[in-house]
Amino acid sequence: MSLSEKIQEIKSTFDSDYKSVKNNQLDNQLIYNKYLGRKGLMNTLYPLLAEVDANKKSEFGKKINDLKNHIASKLDDKQSTTNSSKNKLKVDLSLPKSYDSFGSIHPITLIIDEIKSIFNRIGFSSVYGPEIDTDYYNFEALNIPKHHPARDMQDTFYINDQVLLRTHTSGSQVHFMKNNEPPVRILSPGRVYRNEDISVRSYCLFHQIEGLYVDKNVTFSELKGTLEYFAKEFFGSNVKTRFRPSYFPFTEPSAEMDVYWGLNSESDYRITKGTGWLEILGCGMVDPEVFKSVEYDSDRYSGFAFGLGIERIAMLKYGIDDIRLLYEGDFKFLEQFKK
Ligand code: PHE
């Protein structure tokens with residue numbers, strides 16, 4: 001075989017070896033040894049060069065070098081792609097994470113939707129009252145006259161003397177009853193505002209759901225039964241609840257319902273003020289004074305009302321130990337509520 005045929009042969013076996021070699025360090029090494037190693041095929045060409053005519057030596061020498069360069073550069077390429085896909089990260093780990101373009105439903109909305117559906121099943125429908133309301137709807141009509149000490153329970157943001165940011169959803173009761181005759185079975189969710197210090201337990205705005213049921217012969221035991229039904233549907237049949245007597249100017253008698261949170265960790269003590277119980281709602285039988293404001297006949301009708309604190313319920317349900325997380329819009333927090 002002539003030198004030129006030999007060069008041609010080595011080139012075509014290399015090209016076919018090269019094509020079949022995987023992107024794998026070991027294969028690259030084998031192929032390198034086979035062609036460019038000390039005992040490699042390229043080195044078999046040099047003794048043949050000695051036998052070539054003197055005037056052809058440089059031409060053949062160049063051909064051999066070209067082939068050597070060809071092989072070396074191909075193997076180099078492979079080597080570098082292997083390295084870069086394996087070892088060199090093309091990402092900058094110091095950059096912030098990129099986010100999916102789809103958001104998730106906020107836990108407050110998830111809770112409101114679930115509570116609405118639980119009460120819809122027993123005939124309550126949803127209505128909405130205004131967030132900016134008057135002193136009359138928020139206080140006066142609910143039997144909380146000016147200078148009544150109960151106003152201190154709800155530190156109010158006033159816009160002017162008469163207009164304020166509602167401090168509870170109970171004003172929705174008044175709006176609805178003024179415009180509708182009994183029987184009434186409504187839920188009224190929404191935001192409320194109080195000028196409170198911000199802490200793990202309280203914030204200057206939060207969410208409530210008001211419930212109101214007015215008909216003939218509505219009793220306190222129906223109120224208890226309804227709220228116990230709700231707690232079981234929402235938290236599961238093992239939930240522990242308790243009613244404590246309380247005071248609201250617009251209900252008589254009044255109570256608060258607590259749900260058992262537990263006392264296992266330091267934050268449980270903080271959240272429940274060391275009792276293990278978390279208050280989730282206020283409730284009671286609608287006070288006849290309220291019926292007077294909306295011109296309902298309290299001899300014919302009675303009713304119950306309740307106001308649920310959504311944040312407390314969200315914290316219980318999802319094990320959130322700092323209320324502020326619900327308003328900060330932190331992706332890492334919100335992403336956990338993706339369905
Ligand atoms: N409005 C009361 C509050 O914000 C809760 C409540 C609603 C109590 C309805 C009784 C009846 O604390």
Side-chain angles (χ1 to χ4, degrees), residues 108 112 115 119 124 126-131 133-145 148-157 164-177 184-196 201-215 218-228 230-231 241-259 278-291 293-294 296 298 301-313 323:
I108 294 290
I112 292 177
I115 295 176
F119 280 101
F124 285 75
S126 303
V127 303
Y128 297 87
E131 284 180 31
D133 211 347
T134 59
D135 189 280
Y136 174 77
Y137 283 97
N138 197 77
F139 291 126
E140 297 269 345
L142 289 163
N143 197 28
I144 317 176
H148 191 289
R151 290 204 180 201
D152 291 348
M153 286 157 65
Q154 306 187 353
D155 246 334
T156 311
F157 290 113
L164 46 77
L165 297 182
R166 68 177 175 190
T167 56
H168 54 180
T169 43
S170 298
S172 308
Q173 293 182 31
V174 182
H175 283 282
F176 190 84
M177 288 191 283
V184 172
R185 227 183 290 178
I186 54 158
L187 274 192
S188 187
R191 269 188 189 186
V192 303
Y193 302 82
R194 287 187 201 177
N195 191 3
E196 275 181 21
R201 306 175 87 245
S202 61
Y203 204 73
C204 54
L205 71 88
F206 55 99
H207 298 75
Q208 288 186 332
I209 294 188
E210 192 78 9
L212 175 68
Y213 178 33
V214 181
D215 205 343
V218 176
T219 63
F220 193 87
S221 65
E222 281 172 281
L223 166 60
K224 264 189 99 174
T226 304
L227 295 176
E228 272 162 8
F230 157 72
T241 53
R242 71 176 186 189
F243 281 81
R244 274 180 298 104
S246 185
Y247 171 75
F248 301 101
F250 38 94
T251 48
E252 180 60 35
S254 304
E256 282 172 323
M257 188 170 95
D258 299 343
V259 167
L278 201 64
E279 177 212 321
I280 63 161
L281 63 85
C283 61
M285 302 307 290
V286 180
D287 193 290
E289 283 301 311
V290 178
F291 284 152
S293 334
V294 298
Y296 277 15
S298 54
Y301 296 107
S302 58
F304 65 70
F306 56 88
L308 282 147
I310 303 303
E311 277 73 0
R312 290 284 168 80
I313 291 173
I323 197 169

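Start at 1 and go down the list; that is how both ligands and their atoms are numbered. Reckoned from all heavy atoms, side chains included, excluding hydrogens, waters and symmetry mates. Predicted model, so just to flag it, every value in this text is computed and none were measured.
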Determine, for Arg242 against Asp258, whether the closest basic-nitrogen to carboxylate-oxygen distance falls under 4.0 angstrom.
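So Arg242 pairs with Asp258 through a salt bridge.
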
Presence of salt bridge, Arg312 and Glu256, under 4.0 angstrom
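A salt bridge is absent here (no side-chain N lies under 4.0 Å from a carboxylate O).
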
Do ligand 1 and [X] have nitrogen or oxygen atoms that lie under 3.5 Å from each other?
X      : answer
Thr251 : no
Arg194 : yes
Thr167 : no
Gln173 : no

Do His148 and Asn143 have side-chain atoms, one donor and one acceptor, less than 3.5 Å apart?
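There is no such pair (donor and acceptor under 3.5 Å, judged by atom type) between the side chains of His148 and Asn143.
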
What atoms of ligand 1 come within less than 4.0 Å of a heavy atom belonging to [X]?
X      : value
Gln208 : 3 (C), 4 (O)
Gly307 : 6 (C), 7 (C), 9 (C)
Cys283 : 8 (C), 10 (C), 11 (C)
Phe250 : 1 (N), 2 (C), 6 (C), 7 (C), 8 (C), 9 (C), 10 (C), 11 (C)

Within the side chain of Arg151, is there an N or O that forms a donor-acceptor pair under 3.5 Å with the backbone of Ile144?
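Flag set: sc Arg151 to bb Ile144 pair under 3.5 Å.
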
Atom OG of Ser254 and atom CZ of Phe306: how far apart are they, to the nearest 0.5 Å?
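With rounding to 0.5 Å, OG (Ser254) is 14.5 Å from CZ (Phe306).
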
